[in-house]
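Heads up, the thing below is written out as structure tokens.
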Amino acid sequence: MDDKVIVRFAPSPTGFLHLGSARTALFNWLAARSRGGRFLLRIEDTDKVRSEQRFLDEILEDLRWLGLDWDGDPIHQSARFDLYRAKAEELVALGAAYREGEAILFRVAPGRTVAFDDLIHGRIAVETETIKDQVLIKSDGSPAYNFCCVIDDAAQGITHILRGDDHISNTPKQILFYEAFGWNLPRFGHMPLILGPDGSKLSKRHGGVSVTEYKAEGFLPAALSNYLVLLGWTPPGGREILGLREAAEIFRIEDMSGVQAKFDAQKLKWMNGEYVLKLPAGEFADLIAAQLRADGLDPNRLPPDRMVQAAEQYRIRIKTLREFGQMADFFFKDDFAREAEGWAKHLGTPEGRSALSLFADRLAGLDDWRHDAIEALCRDLAQEKGMKPAALIHPARLAVSGKTRGAGLFEIMELLGREAVLRRMKEAAQ
RNA sequence: GGCGCUAUCGUCUAGGGGUCAGGACGGAUGGUUCUCAGCCAUCAGACCGGGGUUCGAAUCCCCGUAGCGCUACCA
């Protein structure tokens, strides 16, 4: 078993980090970290028109956010054009390539089979008849993708190339270049692409496709990376919730599936919920507060200790951080979202409103504003009036939170505070 | 069109000649509760089709079919 593993992730800074690319990065990172190897970055910015610094900044930020660290400084292809040209000239001198106008093309001789043993798919063979002469250097002087890819992989000493299935047909072309230079071949592994739920290529119309979007929606990096890693790889034993570090200990490229997987947003949500449950209370509250700010709500409307408690009330009920602001907006503003149907059902009738004002009047005299005292008062009142507690609870829940669902009413009341509770109940009872 | 990859519940998958074809997400039903979520208890749900090989095929082989990818002086 060869001991050194050097892999790379080579993003092109022409857009945001796509989930599929993130997954590729994840598996390369896993391959390196599982074998004490190196995980390098290479910026494929040969397209100077489409490449932008802001895209690169965001891609690197997203990688860090996901928990992927890389070794050494990234290399930029845009700074290596001279090298690519020199290497192309070498092939011209060797007679393996020729000039055509300003461009340099590689001659592909027919009548040969180019084969390689793919780490994931096994042996893949292609006839050179099906490969036409390859552009090395374009007429505008920039290098063609397959060529600079090979030059850099060789220069960086890459031992394992783990990339998407869409590169399978590039591999034989690249192998030809390695042969022309007399270089050793790296191992190749082609992993299937992630598909949208309908089986087509994952795209915007399936929902979020960039890591940034998931971050904004309140997904936890550990959950997103965990889910992505499960698409195409099953840990021995079948455990599904496992951290990156843990995964690195048992990951083997050979265990990866060669089957394309559909992206299941529901399972991602479930998994995120699992990670939300595991967060320490302080960290959870901080994340919730940050999410509220990002979504235009002011977490300071609640004192810090109540903020923590409010977050805890909803922890089991939310799958993403953003859902807290949607379910618990009434803690942070008075023009909170109201469910029209529930409002009509519980507060649209004289009985509902009178139950509410009865409850509110009684509450006004309560000294001990804690949830258990409020609950005792509510139940005593219901018994006294010969009604079900629910007849008091539902109108009050709507008045106070605007929602038919959510945390326990009495806990909500305690956290929201007497003043706001009584005010909202009285307003709704009008 | 040519070349290539793939094919187990709706989804992610385990299994790899003899299994009740296992798990997870989602779904359904019942219970608990002020609602929701959760929790508890159940349930439904799959080996793409056809030929071989074999005593026996989800598993091995071939052919179909379907999906996806590539077929650029994009990366």
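Values below: every heavy atom of this structure, side chains too, minus hydrogens, waters and symmetry copies. Per chain, numbering begins at 1; letters A, B, ... match sequence-line order. Here the structure is a predicted model, which is why all the values come from computation and not from measurement.
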Between B:C25 and B:C70, how far is it from one P atom to the other, in whole Å? 34 Å
For A:Asp45 and A:Ser12, which I'm curious about, is there any donor-acceptor pair between the side chains at under 3.5 Å? no
Any base atoms under 4.0 Å from A:Glu44, or only sugar-phosphate, or nothing? Heavy atoms, all strands. sugar-phosphate
Whole-Å C1' distance, B:G49 and B:U42: 35 Å
Hey, does A:Ile316 reach any base, or is it just sugar-phosphate, or nothing, if we go heavy atoms under 4.0 Å? base
Let's test this: given Watson-Crick or G-U wobble pairing with both distances under 3.5 Å, identify the partner of B:U19. none
Using distance alone, with no hydrogens and no angle criterion, decide if A:Ser210 and A:Glu213 have a side-chain donor and acceptor under 3.5 Å apart. yes
A:Lys48 charged N/C atom sitting above A:Phe81 aromatic ring, 6.0 Å / 45°: yes
Contact class for A:Asn170 vs. all strands (heavy atom < 4.0 Å): base, sugar-phosphate, or nothing? base
For the side chain of A:Ser200, counting heavy atoms from C-beta on, which of B:A24, B:C68, B:G4 is nearest? B:C68
Shortest side-chain distance from A:Val126, nucleotide among B:C74, B:C3, B:G10: B:C3
Could you tell me whether the side chain of A:Ser169 has a donor or acceptor atom within less than 3.5 Å of a complementary atom in the base of B:C70? no
Nearest-nucleotide pick for A:Arg317, side chain only, options being B:C36, B:C34, B:G69: B:C36
Starting from P on B:U35, measure out to CZ on A:Arg338 and report it in whole angstrom. 23 Å
With C1' as the reference atom in both, quote the distance from B:G27 to B:C34 in angstrom, rounded to an integer. 27 Å
Under 3.5 Å, is there a donor on one side chain and an acceptor on the other for A:Thr404 and A:Glu339? yes
Need one value for A:Gly101: base, sugar-phosphate or nothing, where a base atom within 4.0 Å counts as base even if backbone is also close, heavy atoms only. nothing
Let's test this: given Watson-Crick or G-U wobble pairing with both distances under 3.5 Å, identify the partner of B:A41. B:U29
Is there a donor-acceptor contact under 3.5 Å linking the side chains of A:Arg23 and A:Ser225? no
Please classify the nucleic acid contact of A:Thr46 as base, sugar-phosphate, or nothing, using heavy-atom distances under 4.0 Å. sugar-phosphate
Within the structure shown, what part of the strands sits under 4.0 Å from A:Ala407 by heavy-atom distance: base, sugar-phosphate, or nothing? base
Examine B:C70: is either OP1 or OP2 under 4.0 Å from a nitrogen or oxygen in the side chain of A:His167? Give yes or no. no
Expressed as a whole number of Å, how far does the C1' atom of B:A75 sit from that of B:G69? 15 Å
Please report the distance separating the P of B:A58 from the corresponding atom of B:G16, rounded so that it comes out in whole Å. 16 Å
A:Thr234, nearest nucleotide to its side chain (from B:C25, B:C73, B:A14): B:A14
Going by atom types only, do A:Tyr227 and A:Asp264 share a side-chain donor-acceptor pair under 3.5 Å? no
As its Watson-Crick or G-U partner within any shown strand, both distances under 3.5 Å, B:G69 has B:C3
Counting only side-chain N and O atoms of A:Lys262, is one of them less than 4.0 Å from OP1 or OP2 of B:U11? yes
Would you verify whether the NZ or CZ of A:Lys278 falls within 45 degrees of the ring axis of A:Tyr275 while also being under 6.0 Å from that six-membered ring's centre? yes
Could you check whether A:Lys201 gets within reach of a base, just the sugar-phosphate, or nothing at all, counting any heavy atom under 4.0 Å? sugar-phosphate
Looking just at side-chain N and O atoms, do A:Asp152 and A:Gln77 make a donor-acceptor pair shorter than 3.5 Å? yes
For A:Gly258, which contact category applies under a 4.0 Å heavy-atom criterion: base, sugar-phosphate, or nothing? sugar-phosphate
Relative to the 5' end of RNA chain B, which residue comes earlier, A:Lys319 or A:Ser142, by the nucleotide with the nearest heavy atom? A:Lys319
Which whole-number value in Å describes the distance from A:Leu231 CG to B:A14 P? 12 Å
Round to a whole Å and report the spacing from NZ of A:Lys345 to C1' of B:U35. 10 Å
note: A:Ile59, atom CD1; B:A75, atom C1'; distance rounded to Å ~ 12 Å
Does A:Phe410 reach a base, just sugar-phosphate, or nothing at all? Heavy atoms under 4.0 Å. base
Any side-chain donor near an acceptor of the partner, A:Glu249 and A:Ser34, under 3.5 Å: no
For A:Lys173 and B:G4, what is the distance between atoms NZ and P respectively, to the nearest whole Å? 14 Å
What nucleotide among B:G10, B:C34, B:U35 has an atom nearest to a side-chain atom of A:Arg379? B:C34
When you get a sec, tell me which of B:C74, B:C5, B:C12 is the closest nucleotide to the side chain of A:Ile168? B:C5
Note: for A:Val259 and A:Arg397 on RNA chain B, the residue whose nearest nucleotide lies more 5' is A:Val259
Check every strand shown and say whether A:His190 touches a base, only sugar-phosphate, or nothing at a heavy-atom separation below 4.0 Å. nothing
Using the C1' atom as the reference point in each nucleotide, state the distance between B:G51 and B:U65 in Å, no decimals. 14 Å
Determine the contact category for A:Ala103: base if any of its heavy atoms lies under 4.0 Å from a base atom, sugar-phosphate if only primed atoms, P, OP1 or OP2 are that close, otherwise nothing. base
Nearest to side-chain heavy atoms of A:Tyr145, which nucleotide of B:C36, B:A75, B:C5: B:A75
Name the nucleic acid region contacted by A:Lys132, choosing base, sugar-phosphate or nothing; use a 4.0 angstrom heavy-atom cut-off, strictly under. sugar-phosphate
Among B:A75, B:C5, B:C34, which nucleotide sits nearest the side chain of A:Leu409? B:C34
Rounded to whole Å, please give me the gap between CD1 in A:Ile175 and C1' in B:G4. 14 Å
Considering every strand and a 4.0 Å limit on heavy-atom distances, what is the contact class for A:Ser139: base, sugar-phosphate, or nothing? base
Out of B:U71, B:A75, B:U11, which has the shortest distance to the side chain of A:Lys138? B:A75
Applying the Watson-Crick and G-U wobble criteria at under 3.5 Å, what pairs with B:A46? Answer none if nothing qualifies. none
Could you measure between the two C1' atoms, the one in B:U53 and the one in B:U59, and give it in whole Å? 13 Å
C1' gap between B:C9 and B:G15, integer Å: 15 Å
Counting only side-chain heavy atoms from C-beta out, which of B:C68, B:A7, B:C3 sits nearest to A:Leu195? B:C68
Looking only at side chains, do A:Gln156 and A:Arg8 share a donor and an acceptor under 3.5 Å apart? no
At less than 3.5 Å, do the side-chain atoms of A:Gln260 and the base atoms of B:G69 form a donor-acceptor pair? no
If you look at every strand shown and take non-hydrogen atoms under 4.0 Å, does A:Gly199 touch a base, only sugar-phosphate, or nothing? sugar-phosphate
Tell me: CZ of A:Phe263 to P of B:U11, nearest whole Å? 16 Å
To the nearest angstrom, the CZ-P distance between A:Arg42 and B:A75 comes to 13 Å
